[in-house]
There are 2 protein chains.
Amino acid sequence: MLNSYSSADKALLAVDCIIFGFDNEGLKILLIKRDFEPEKGKWSLIGGFLKRDEVLDNAAIRILNTYTGLNDIYMEQLYAYSEIDRDPVERTISVSYYALINIENHNAELIKNYHAQWFSVADAPNLIFDHNEMVEHAIRRLRYRTSIKPIGFELLPEKFTMRQLLELYEAILSKELDKRNFISKINSLEILNKLEEKDMQSSRKGSYLYTFNKEKYEEKLLNDFVLNL
Amino acid sequence: MLNSYSSADKALLAVDCIIFGFDNEGLKILLIKRDFEPEKGKWSLIGGFLKRDEVLDNAAIRILNTYTGLNDIYMEQLYAYSEIDRDPVERTISVSYYALINIENHNAELIKNYHAQWFSVADAPNLIFDHNEMVEHAIRRLRYRTSIKPIGFELLPEKFTMRQLLELYEAILSKELDKRNFISKINSLEILNKLEEKDMQSSRKGSYLYTFNKEKYEEKLLNDFVLNL
DNA sequence: TAACTTAAGTGTATAATATACATTAATAAA
DNA sequence: TTTATTAATGTATATTATACACTTAAGTTA
């Protein structure tokens, strides 16, 4: 019978997490060295199996927490991967999730746990299964996301300079942006607070620090817009 | 053990298809009256279970074909739904797919099979499980798609008038568009062939028929662009 | 056959936005 | 005090989006 539940095939469901971070070296992803077979010892996305009593969103949160100690990370579902032999042990459909996090805020936890490690997107190691494809797909989604939602709050330290924000966008889009045009577009969004304080690390003159205005930022997250950079 | 395959929970995997069509009454979706329990007799998206030896993309194609006889329909994956009790019989994760098809080209097959029926998006019946949510989600995706890819080829008859194309976009975006601005934007894409032939149904003057220039259309599909309507 | 009705077809002026581009300012180091 | 380095800033031009109304073609009707 076409639709009998009893005769339908079951499969394992996995969740894999593409965690993006940013620091002064550029855009990074968080990987783990797999500690079980198959492919033990190879680099992998953070992943795990969906439990019986759990929805995918929560599985993603739980799995990330297990490997990194990270909490309260908001992730978005990306895509379901279902090639027959994508996992050689058993038929497994994997649903990918991606998130943006602030490396500085979270690095201590990560180092303490030693399970996860940051890699530059540009020179990440080869990954198991179809995880390379998942990462590429997530980068495409992240680039698109920059055109309809502001990005930055999740990836930058609380106080940051315009240059850091510019370099973040350049890293995500992997192209150079005109500084003056960038600044005026960002300012037109009205999501930043300019502080009196200056960062004196990067130059003799020093550059003003900014914070995100969380209320306005959240507001912009709700309504899509177009940001042509 | 955290990642043992043997202890992981398996689940059923389903695929549900949101099939969009368009005719002179507006944007439509294809639904079936469910012929098995639970919710037998209620309206539902076209759906079925993923088989052991099948990838999701192919399951979507097979399931659509089973219910409608439709062949060679290109579908895109949308989202995985995993609420615990979304299907009351058994834990089932459903991956949704959506497609755009041309009602005229395919209606004969559909009527022959009597399994599926078109409904206006605006006044479709209430659907089983979380299928209403899936449809809403697909409409959002479809609207977004209009801004980055041309639409029309899939939904219109081979020869069509500018008015039909305009009304298609108005139906998808559910807003009125300025006729002159619309025509000049569409013309600037250079994806249409204007025929000598006129459609004499709609007016005394008659209106020119167009076809899509498939090569240029496909080209535009490859490269994203922004079409502000 | 002239007047009428109906939808088709067309262009322009203005506003908004995107882009390209170079100089001055502030400060610490030499 | 000179030098070196990065920060900060504005404007002119090109492109694109928007708002808007009249004429044309042809069948129908008086």
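Here is how names work: the chains are called A, B, and so on, in the same order as the sequence lines, proteins then strands, and each is numbered from 1. Below, each value reflects all heavy atoms present in this structure, side chains not excepted, and no hydrogens, waters or symmetry copies.
Which of D:dA8, C:dT10, C:dA20 sits closest to the side chain of A:Tyr208 comes down to D:dA8. Listed nucleotides D:dA21, C:dA8, C:dA22 differ in distance to A:Arg180; the shortest reach to its side chain belongs to C:dA22. Each of C:dA8, D:dT9, C:dT19 was ranked by its minimum atom distance to the side chain of A:Lys194; first place goes to D:dT9. Proximity note for A:Asn228 (side chain, C-beta onward) versus D:dT9, C:dA18, C:dG11: the nearest is C:dA18.
Using a cutoff of 4.0 Å between basic side-chain nitrogens and carboxylate oxygens, A:Glu197 and A:Lys159 are scored as salt-bridged.
For the pair A:Pro150 and A:Arg145, the tightest heavy-atom approach, listed with the atom from each and the gap, is O-NH2, 2.6 Å. Minimum heavy-atom separation, A:Ala99 to A:Tyr74: CB-O, 3.5 Å.
One can place CZ of A:Arg163 at 15 Å from C1' of D:dT9, the figure rounded to the nearest angstrom. Summarising the geometry, the separation between NZ on B:Lys179 and C1' on D:dT18 is reported as 17 Å, rounded to the nearest angstrom. Across the protein-nucleic acid pair, B:Leu229 atom CG and D:dT16 atom P stand 15 Å apart, rounded to whole Å. Taking atom CZ on A:Arg204 and atom C1' on D:dT2, their separation rounds to 12 Å, with Å as the unit. One atom, CD of B:Glu167, and another, P of C:dA7, lie 11 Å apart when rounded to the nearest Å. C:dA22 atom P lies 11 Å from atom CG of A:Asp178, rounded to whole Å. Rounded to a whole Å, the CG atom of A:Asn187 is 11 Å from the P atom of D:dG10. With rounding to whole Å, A:Phe182 atom CZ is found 15 Å from D:dA7 atom C1'.
The base of C:dA18 lies outside donor-acceptor range of the side chain of A:Lys185, with no N or O pair under 3.5 Å. Evaluation of atom-type donor-acceptor distances gives no pair under 3.5 Å for the side chain of A:Lys205 against the base of C:dA26.
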May I have the list of side-chain donor-acceptor pairs in residues 207-214 of chain A shorter than 3.5 Å, sequence neighbours left out?
| unit_1 | atom_1 | unit_2 | atom_2 | d |
| --- | --- | --- | --- | --- |
| A:Thr211 | OG1 | A:Asn193 | ND2 | 3.2 |
| A:Asn213 | OD1 | A:Glu215 | N | 3.2 |
| A:Asn213 | OD1 | A:Lys216 | N | 3.2 |

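For the pair B:Ser203 and A:Leu227, both in contact range of DNA chain C, the more 5′-proximal nearest nucleotide belongs to B:Ser203. Mapped onto DNA chain D by nearest heavy atom, A:Asn181 and A:Gly206 fall at different nucleotides, with A:Gly206 at the one closer to the 5' end.
Side-chain rings of A:Phe20 and A:Phe22 stay apart, their centers remaining 6.0 Å or farther from each other.
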